Amino acid sequence: MNHALDWLQFVLAPQMINGLSIGVAVVLMALGLTIIFGLLDVINMAHGEFYAIGAYLAVALLGLGLSFWWALVLTPLLMAVLGYATERGLIQRVFHSKDRHTLTLLLTFGVAVVLEDALKIVFGANPLRVEAPISGATEVVGLFFPNYRLFVMLLGAALITAVWLLVFRTSLGAVVRAAAYDRHMSASLGVPVQRVYAATFAFGVALAGIAGVLLAPIYSVFPTMGRDFVLIAFSVVIIGGMGSIKGAVLAGLLLTQVQSISSLYISPVWSDPLLFGIMVLVLMWRPQGLFGKLGSA
């Protein structure tokens, strides 16, 4: 009995907390992906690089003498500007093409390659570290939880709730969902659809930037950090349903728990194949994912 309690307290609980703290960041990133797809019908292959840029912006702002808290506030604002410029300057140029899906996918893939190389040139290839702004641990019912990971979970949960309220409980969210459901009808009713597209893309990029800042003290910051992380985010979006906010949240929390707990029994090199295996099984059972698209939610 004591052995089982020790295993729960010192082995399973820390892994679940680790999975939950990573999970909320994955959900934030996946929300950006799913909102962009749900409205623009664009698969953003550069989303991982936007996540990496968010982490590097935190490094740069800290290097300028600002605190982590200022970096957490300023980074999503700067990322939103970058996202808006990317949508207006690049994606809109091919968005109305007959081969829109192929062209936007190739375009964002090219943007990802350019951004990754730019990070290598500006910051170098060596990993960088960001110190956690909150140290120590808190005891809860006999379990010790790192304070920074608790902060990541609480802030992530607050941001996820705010996104849901914005999309489904505000007039602005109603405009976004209307544009996602029928862009032509929305335009005929006076909705500035092009601006809505650009703002939504900027919002999705800002969410990726926030995830980068939050995970920078947990992981090292390096130019290729977005590659592996975006694969998890894409798996979350596909399993939850392309364009579904609810699906992204549930799938993100579930998959990161599976990944974290499975690492107790299998080598970490098998964690990604395990997630992809789950994705394949879900697609075989329900090809459209677990939930519907943003426009019809």
Side-chain angles (χ1 to χ4, degrees), residues 29-53 79-118 167 175-189 191-208 224 226-245 247-248 276 279-280 282-284 286-297:
M29 191 170 175
L31 281 179
L33 272 176
T34 202
I35 288 173
I36 290 172
F37 180 84
L39 178 60
L40 278 69
D41 204 19
V42 169
I43 300 176
N44 181 20
M45 298 298 294
H47 208 66
E49 280 60 42
F50 288 131
Y51 155 76
I53 291 174
M79 293 301 299
V81 173
L82 176 60
Y84 191 92
T86 300
E87 201 281 337
R88 297 302 293 170
L90 296 175
I91 292 177
Q92 272 300 315
R93 295 182 180 273
V94 299
F95 187 77
H96 299 287
S97 172
K98 181 177 63 176
D99 300 322
R100 173 169 58 90
H101 292 94
T102 301
L103 290 177
T104 53
L105 189 146
L106 292 175
L107 174 62
T108 55
F109 178 76
V111 170
V113 174
V114 171
L115 291 178
E116 183 180 308
D117 287 342
V167 173
V175 170
V176 171
R177 287 184 287 121
Y181 187 73
D182 191 331
R183 63 179 63 121
H184 301 295
M185 178 62 72
S186 299
S188 68
L189 294 175
V191 175
V193 174
Q194 301 301 324
R195 293 182 183 178
V196 172
Y197 285 170
T200 302
F201 192 89
F203 183 63
V205 169
L207 289 177
T224 59
R227 290 184 188 176
D228 295 336
F229 208 70
V230 78
L231 292 177
I232 300 175
F234 269 117
S235 300
V236 167
V237 172
I238 292 171
I239 291 174
M242 296 292 283
S244 170
I245 292 179
F276 296 148
M279 181 180 69
V280 170
V282 170
L283 291 178
M284 291 173 60
R286 190 176 172 84
Q288 70 271 34
L290 299 178
F291 300 95
K293 288 187 63 176
L294 175 63
S296 58

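Note that this is a predicted model, so its numbers are computed, not measured.
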Practice prompt. Nearest 0.5 Å please: distance from the CG atom of L290 over to the CD1 atom of I239.
Written response: 7.5 Å
Fill in: Distance in Å, L115 CG paired with I53 CD1, rounded so as to fall on 0.5 Å steps
4.5 Å
Worksheet entry | Validation row: T86, F201 side chains within 4.5 angstrom (heavy atoms) | yes
Discussion item. Minimum heavy-atom separation for A179 and V196, please, with both atom names.
Written reply: CB-CG1, 4.3 Å
Fill in: Nearest atoms (heavy-atom pairs only) where G241 meets T34
O-OG1, 3.9 Å
Worksheet item: Does S186 use its side chain to pair, donor to acceptor, with the backbone of A178 at less than 3.5 Å?
Response: yes
Discussion item. So F37 and V237, do their side chains get closer than 4.5 Å, heavy atoms only?
Written reply: no
Fill in: Distance, nearest 0.5 Å, that separates CG of L107 from CG of N44
9.5 Å
Item to complete: Evaluate the side-chain proximity of L33 to M29: yes if any heavy-atom separation is below 4.5 Å, no if none is.
Response: no
Worksheet item: How long is the gap from CZ on F234 to CE on M45, to the nearest 0.5 Å?
Response: 5.0 Å
Worksheet entry | Smallest separation among heavy atoms of M79 and F50, with atom names | CE-O, 3.2 Å
Practice prompt. List the steps, then state whether side-chain contact (heavy atoms from CB on, under 4.5 Å) holds for V42 with E87.
Written response: CA-CA 11 Å; V42 169; E87 201 281 337; over 6 Å; no
Discussion item. Could you check whether any side-chain heavy atom of I43 comes within less than 4.5 Å of a side-chain heavy atom of T104, counting everything from C-beta outward?
Written reply: no
Worksheet item: Taking the side chain as C-beta and beyond, is there a heavy-atom pair between V176 and V167 under 4.5 Å?
Response: no
Worksheet entry | Euclidean distance, L31 CG relative to S244 OG, rounded to 0.5 Å | 9.5 Å
Worksheet item: Any idea which heavy atoms bring G226 and Y51 closest together, and the distance?
Response: CA-CD2, 3.9 Å
Response to the item:
Note: A46 and V111 closest approach over all heavy atoms is CB-CG1, 3.9 Å
Discussion item. What's the separation between atom OG1 in T224 and atom CG in D117, rounded to the nearest 0.5 Å?
Written reply: 11.0 Å
Discussion item. If I compare all heavy atoms of A80 with all of A202, which pair ends up nearest, and what's the gap?
Written reply: O-CB, 3.2 Å
Worksheet item: Are any of the side-chain heavy atoms of H47 and I36 separated by less than 4.5 Å?
Response: yes
